[in-house]
Amino acid sequence: MGTFFRALGAGVVAAVVTGGARSVLDTVSPGGPDRWTRTNHRGEPISLLEGPAVAAGLVAGALVAGPDARTRTATALATAGGGAFGLVDDLAEDTSTRTKGIKGHVGALLKGQVTTGGLKVLGIGTTSLAAAFVGTRRTGSTFGYLTDVAVNGSIVALSANLFNLLDLRPGRALKSGAALALPLAVTPVGATSGAVLGAAVAAAPGDLSERDMLGDGGANALGALVGTQVAFGTPRAVRLLALAAVLGLNVASEKVSFSKVIDGNPLLRRFDQWGRRPAAPAARPTPSAPSAASPVDEPSSGQDAPA
């Protein structure tokens with residue numbers, strides 16, 4: 001019963017903070033509204049302000065949900081780190097280079113080139129590892145403890161990046177976070193699911209209507225929080241399987257389009273499109289246009305490609 005009330009409180013706090021922060025940021029946008037505005041494929045403006053609002057709501061909810069001070073601190077640290085370093089990449093990215101993916105950013109770092117994406121990889125990796133040191137309980141040998149820390153930190157960091165890869169269509173990352181949080185609600189840190197659901201409910205209307213997007217700041221924070229639920233709430237065998245899964249998905253993303261996979265599966269496509277605005281109809285060729293011209297495969301949302 002205590003877990004239920006903590007989950008309920010975390011959900012309310014996350015929703016209120018997310019909605020309140022979004023309203024405040026809409027009134028007082030640091031650097032001006034243009035700095036936070038992107039243009040989607042419809043030619044319509046879309047705001048990045050959802051990202052910091054969701055990150056703030058998730059951190060606030062995590063501080064309410066944690067079963068003890070150690071877990072609360074670790075979860076909030078991981079979530080805040082994901083949000084902060086993701087936000088740096090959102091606002092300071094050098095769009096002239098367009099270096100993408102973990103492989104691209106790590107490759108640039110090895111060449112001595114520090115991109116904002118590379119800074120994000122280092123920053124989220126560091127905060128995830130620090131959170132793992134704080135949140136991982138020592139139950140055996142020093143080697144076992146350090147192994148658990150490495151596994152837990154990797155789950156958090158890779159989950160943060162995975163959710164960034166999902167933030168390519170309206171509502172996709174929010175719905176994925178909610179879908180994963182529900183079964184994780186039965187774990188010892190299950191009350192954190194309330195924070196995920198609360199923030200998602202508050203942010204969903206703007207995200208699904210394509211007025212807002214999570215961006216790196218919001219998606220990384222959401223992924224890091226979900227990652228902490230696995231890292232601090234499941235047995236070692238489950239964590240090892242989860243690590244293999246998130247690592248495999250991150251690696252696969254370098255070669256495979258998640259959007260194409262989702263669109264090719266009727267069940268996943270229905271879940272992905274639930275609540276979204278209808279896709280813009282494809283333009284018919286003009287009489288003068290060659291009838292054999294190949295159509296352009298446009299993304300169906302204003303979400304930027306992940307860094």
- Item | Sequence neighbours excluded, every pair satisfying side-chain hydrogen bond (donor to acceptor under 3.5 Å, both in side chains) that has a member inside residues 225-235 | S193-Q229
- Item | Contact summary for F232 and V189, nearest pair of heavy atoms | O-CG1, 3.8 Å
- Task: Start with the C-alpha gap between V151 and L240, add the side-chain angles, then the distance that decides, and say whether side chain to side chain contact (heavy atoms under 4.5 Å, CB included) holds.
- Result: CA-CA 7 Å; V151 169; L240 290 174; 4.0 Å; yes
- Task: Would you check if the side chain of D90 reaches a backbone N or O of G217 as a donor-acceptor pair within less than 3.5 Å?
- Result: yes
- Task: Carefully, step by step, assess L243 and S154 under the rule side chain to side chain contact (heavy atoms under 4.5 Å, CB included).
- Result: CA-CA 7 Å; L243 176 58; S154 298; 3.7 Å; yes
- Message: With rounding to the nearest 0.5 angstrom, report the CZ to CD1 distance, R211 to I46.
- Response: 10.0 Å
- Task: Give the intermediate values and the outcome of side chain to side chain contact (heavy atoms under 4.5 Å, CB included) for residues I262 and Q273.
- Result: CA-CA 10 Å; I262 291 171; Q273 293 179 349; over 6 Å; no
- Message: Any side-chain to backbone donor/acceptor pair from S128 onto G125? Under 3.5 Å, distance only.
- Response: no
- Task: Using modelled atom types only, decide if a donor and an acceptor are shared between the side chain of D26 and the backbone of R22 within a distance under 3.5 Å.
- Result: no
- Are L63 and F4 joined in one hydrophobic group, where the rule is that I, L, V, M, F, W and Y side chains link up if heavy atoms are under 4.5 Å apart? no
- Message: So, taking the atom named CG in L222 and the one named CG in L58, what distance separates them when rounded to the nearest 0.5 Å?
- Response: 6.0 Å
- Quick one: do L166 and L225 end up in the same hydrophobic cluster if we chain Ile, Leu, Val, Met, Phe, Trp and Tyr together by side-chain heavy atoms under 4.5 Å apart? yes
- Query: Are V134 and R70 close enough, and set up right, to give a side chain to side chain contact (heavy atoms under 4.5 Å, CB included), and what steps lead you there?
  - Reply: CA-CA 6 Å; V134 174; R70 173 189 294 224; 4.2 Å; yes
- Only counting residues at least two apart or in another chain, list the ones meeting side chain to side chain contact (heavy atoms under 4.5 Å, CB included) with L247. L158, V251
- Residues A203 and E50: closest non-hydrogen pair is CB-OE2, 3.5 Å
- Message: Please give me the minimum heavy-atom distance between G227 and I155, naming the atom from each residue.
- Response: O-CG2, 3.7 Å
- Query: Taking ILVMFWY side chains as joined if any heavy atoms are under 4.5 angstrom apart, and letting links pass through other members, which residues group with L129?
  - Reply: F133, Y145, L146, V149
- Task: Give a yes or no answer on whether the side chain of S209 reaches the backbone of G206 with a donor-acceptor pair at less than 3.5 Å.
- Result: yes
- Taking atom types as modelled, is there a side-chain donor on R172 or S259 under 3.5 Å from an acceptor on the other? yes
- Message: Using a strict threshold of under 4.0 Å (side-chain N to carboxylate O), is an ion pair present between D263 and R169?
- Response: no
- Check whether any side-chain heavy atom of V226 sits under 4.5 Å from a side-chain heavy atom of S159, and report yes or no. no
- Message: Looking at N220, is its backbone amide N or carbonyl O close enough to the side chain of N164 to form a donor-acceptor pair, meaning the two atoms are under 3.5 Å apart?
- Response: no
- L249 with V230, same ILVMFWY side-chain cluster at under 4.5 Å: yes
- Could you state whether V246 and F163 fall into the same hydrophobic cluster, counting links through intermediate Ile, Leu, Val, Met, Phe, Trp or Tyr residues with side-chain heavy atoms under 4.5 angstrom apart? yes
- Message: Closer than 3.5 angstrom, by distance alone: can the side chain of N152 be matched with the main-chain N or O of D148 as a donor-acceptor pair?
- Response: yes
- Query: Hey, what do you get for CG (L168) to CE (M213), rounding to the nearest 0.5 Å?
  - Reply: 8.5 Å
- Task: Quick one: closest heavy-atom pair of R35 and R38, and the distance?
- Result: O-NH1, 3.2 Å
- Query: So which heavy atom on A132 is nearest to which on G153, and how close?
  - Reply: CB-N, 3.5 Å
- Presence of salt bridge, K120 and D216, under 4.0 angstrom: yes
- Going from OG1 on T3 to CG on L8, what distance comes out if it is rounded to the nearest 0.5 angstrom? 12.5 Å
- Message: Quick check: do V261 and N265 have side-chain heavy atoms less than 4.5 Å from each other?
- Response: no
- Item | Approximate separation, where rounding is to 0.5 Å, of L214 CG and D207 CG | 5.0 Å
- For residues A78 and A224, report the shortest heavy-atom separation together with the two atoms involved. O-CB, 3.5 Å
- Task: Treat each ILVMFWY residue as a node, draw an edge where side-chain heavy atoms are under 4.5 Å apart, and state whether V196 and L174 are in one component.
- Result: yes
- Quick one: does D89's side chain get under 4.5 Å of F85's, heavy atoms only? no
- Judged by atom type as modelled, is there a donor-acceptor pair below 3.5 Å linking the side chain of W36 to the main-chain atoms of G31? no
- Query: Given D272, which of R270, R276, R269 fulfils the side chain to side chain donor-acceptor pair (under 3.5 Å) condition?
  - Reply: R276
- Message: Rounded to the nearest 0.5 Å, what separates atom OG in S176 from atom CG in L162?
- Response: 8.5 Å
- Query: Does any non-hydrogen side-chain atom of N161 lie less than 4.5 Å from one of I124?
  - Reply: no
